[in-house]
Protein chains: 2
Amino acid sequence: MARPRQSLLTRQRIVEAASALVDREGLEAVSVRRLATELGVRGPSLYNHFSTKAEILDAVADAIVAQVDVSAFATHDWREALRLWAHSYHAALSAHPNIVPVLAHGPGRRPATLAMADTVYGALIKAGWSEARATHIGALMRYLITGSALGSFALGFSGDPQLYEQYPHLHRAHLLAGQHKCVDDGAFALGLDTLLNGLDSLLLKNGPNR
Amino acid sequence: MARPRQSLLTRQRIVEAASALVDREGLEAVSVRRLATELGVRGPSLYNHFSTKAEILDAVADAIVAQVDVSAFATHDWREALRLWAHSYHAALSAHPNIVPVLAHGPGRRPATLAMADTVYGALIKAGWSEARATHIGALMRYLITGSALGSFALGFSGDPQLYEQYPHLHRAHLLAGQHKCVDDGAFALGLDTLLNGLDSLLLKNGPNR
DNA sequence: ACCTGAACACCGTTCAAGT
DNA sequence: ACCTGAACACCGTTCAAGT
């Protein structure tokens with residue numbers, strides 16, 4: 001078979017297969033040949049639909065960002081909208097942690113990510129933040145959201161108790177892995193609430209035109 | 001030459017060469033063969049000193065973390081110590097941004113990173129935070145510090161003005177790259193100060209044993 | 001003990017050849 | 001237009017052979 005009458009591949013089928021593979025086995029398991037095999041074709045076939053492997057992974061990342069709920073910006077004040085959006089973003093990345101390194105470097109040319117950035121920035125400006133502050137807040141949200149999604153804090157500690165013997169305060173660090181969901185989500189919520197409360201005071205103190 | 005009387009390589013020489021290569025050309029440029037060439041040997045020689053490439057990169061990451069200044073925990077109250085430490089950590093990673101993906105997943109088995117975690121956690125406990133809260137605060141700091149170091153927020157936006165034409169609020173996003181240092185450092189400082197202020201109120205409100 | 005060449009099982013990507 | 005095999009220039013890692 002050289003060319004079937006109906007194309008075997010579409011961009012969408014490739015993105016779905018890549019997304020599933022990333023979720024199932026991690027970013028490192030994704031090779032062009034491997035992905036092609038899962039789709040029933042040979043490696044080079046994918047280059048008829050995407051020009052590089054990076055472009056495929058970008059599309060996977062953007063599909064996940066597209067699921068983030070930004071509707072709160074139309075219905076709530078900036079503070080509550082930011083909180084709801086951040087939790088939705090956090091949840092989307094928690095469901096697909098392996099893709100995070102791909103989107104951690106910014107929106108690039110990914111349309112859904114650019115649209116989300118546009119909505120968030122627009123809402124902050126409308127709320128009275130200066131351009132500089134709105135940019136800072138956008139950056140801060142990305143730091144917190146991708147920083148927390150990039151890898152569990154709790155799972156970053158080995159479960160091997162021996163490892164911590166020489167560290168006086170870490171003698172219970174090996175237990176962190178067992179509670180990682182609680183630790184990581186608690187830290188994220190604490191950080192988000194603390195930040196939003198502090199920013200709110202800042203805006204009130206300096207007036208709506210700061 | 002099969003074996004010189006004096007070993008050509010040491011772990012330290014390898015780590016220094018790897019660190020310089022990471023800084024100069026990025027993580028992706030580091031291959032075992034490439035690194036060996038820079039050291040005047042062949043690829044397999046490195047396996048006499050490290051058992052995997054990942055172990056070499058771990059050593060590079062730990063050498064950078066070892067430069068972070070934790071002395072403030074001995075001389076300042078928890079809030080100011082955390083602030084000074086976070087800025088030192090941030091500065092160390094800003095000087096070596098390409099290595100950040102290696103350390104973003106936690107301390108693992110890297111001794112300098114574990115020692116740093118031990119110091120920070122111990123200081124928080126001593127300040128009166130509960131174990132759960134101290135863990136949350138440690139996680140939060142990691143989220144902010146690695147999240148901001150992983151990639152510039154400003155540089156995540158392309159410098160191509162055309163890209164933003166269809167996004168009503170991003171029409172000046174192409175200018176971000178030119179101010180990236182100011183944008184990124186400003187966002188980090190704003191986030192850190194806001195967090196520490198908020199956490200301080202929380203500790204005062206709930207008493208020293210919370 | 002430590003460096004070497006050869007080898008293994010992979011990579012991303014290109015391209016002429018097929019239909 | 002789109003899939004293919006063959007090829008190119010790479011990977012990380014192993015291992016027997018050398019001194």
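Each chain gets a letter, A, B and so on, in the order the sequences are listed, and its residues count up from 1.
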State yes or no: are the ring centers of A/Tyr121 and B/His169 separated by less than 6.0 Å? no
Over how many whole Å does the gap from B/Asn48 atom CG to C/dC2 atom C1' extend? 5 Å
Both distances below 3.5 Å, Watson-Crick or wobble geometry, any strand: find the nucleotide opposite D/dT13. C/dA7
Rounded to the Å, how far apart are B/Leu57 CG and D/dT13 P? 10 Å
Of the listed nucleotides (D/dG12, C/dT13, C/dG5), which one gets closest to any side-chain atom of A/Lys53? C/dT13
Indicate whether OP1 or OP2 belonging to D/dG5 is found under 4.0 Å from a side-chain N or O atom of A/Arg42. yes
To the nearest angstrom, how far is A/Tyr47 atom OH from C/dC15 atom P? 13 Å
By nearest heavy atom, map A/Gly43 and B/Gly43 onto DNA chain D; which one lands nearer the 5' end? A/Gly43
Between P on C/dG5 and CG on B/Leu46, what's the gap in Å once rounded to a whole number? 14 Å
If you pin A/Ala29 and A/Ser51 to their nearest nucleotides in DNA chain C, which one's is more 5'? A/Ala29
Mind checking who D/dC2 pairs with, Watson-Crick or G-U wobble, both distances under 3.5 Å? C/dG18
Let me know the distance between CG of B/Leu8 and C1' of C/dA1, rounded to the nearest Å. 12 Å
Mind checking whether A/Phe153 and A/His180 have ring centres under 6.0 Å apart? no
To the nearest Å, how far apart are B/Glu28 CD and D/dG12 P? 12 Å
If only side-chain N and O atoms of A/His49 are considered, is one of them under 4.0 Å from the OP1 or OP2 phosphate oxygen of D/dA1? no
Could you state the atom-to-atom distance from CZ of B/Phe50 to P of D/dT13 in whole Å? 13 Å
Less than 4.0 angstrom between a side-chain N/O of A/Ser7 and OP1 or OP2 of D/dC3, yes or no? yes
Verify the contact: side-chain N or O of A/Ser45 to OP1 or OP2 of D/dC2, cut-off strictly under 4.0 Å; return yes or no. no
Could you tell me whether the side chain of B/Met116 reaches within less than 4.5 Å of the side chain of B/Thr119, counting heavy atoms only? no
Do side-chain atoms of B/Thr135 reach the backbone of B/Glu131 as a donor and acceptor pair under 3.5 angstrom? yes
Proximity to the side chain of A/Thr52 - top-ranked nucleotide from C/dA6, C/dT13, D/dC11: C/dT13
Taking atom C1' of C/dC10 as reference, at what distance in whole Å does atom CZ of B/Arg33 sit? 11 Å
Non-hydrogen atoms of A/Asp160 and B/Arg109 that approach each other most closely: OD2-NH2, 3.2 Å
By nearest nucleotide on DNA chain C, pick out whichever of A/Arg34 and A/Pro44 is the more 5' one. A/Arg34
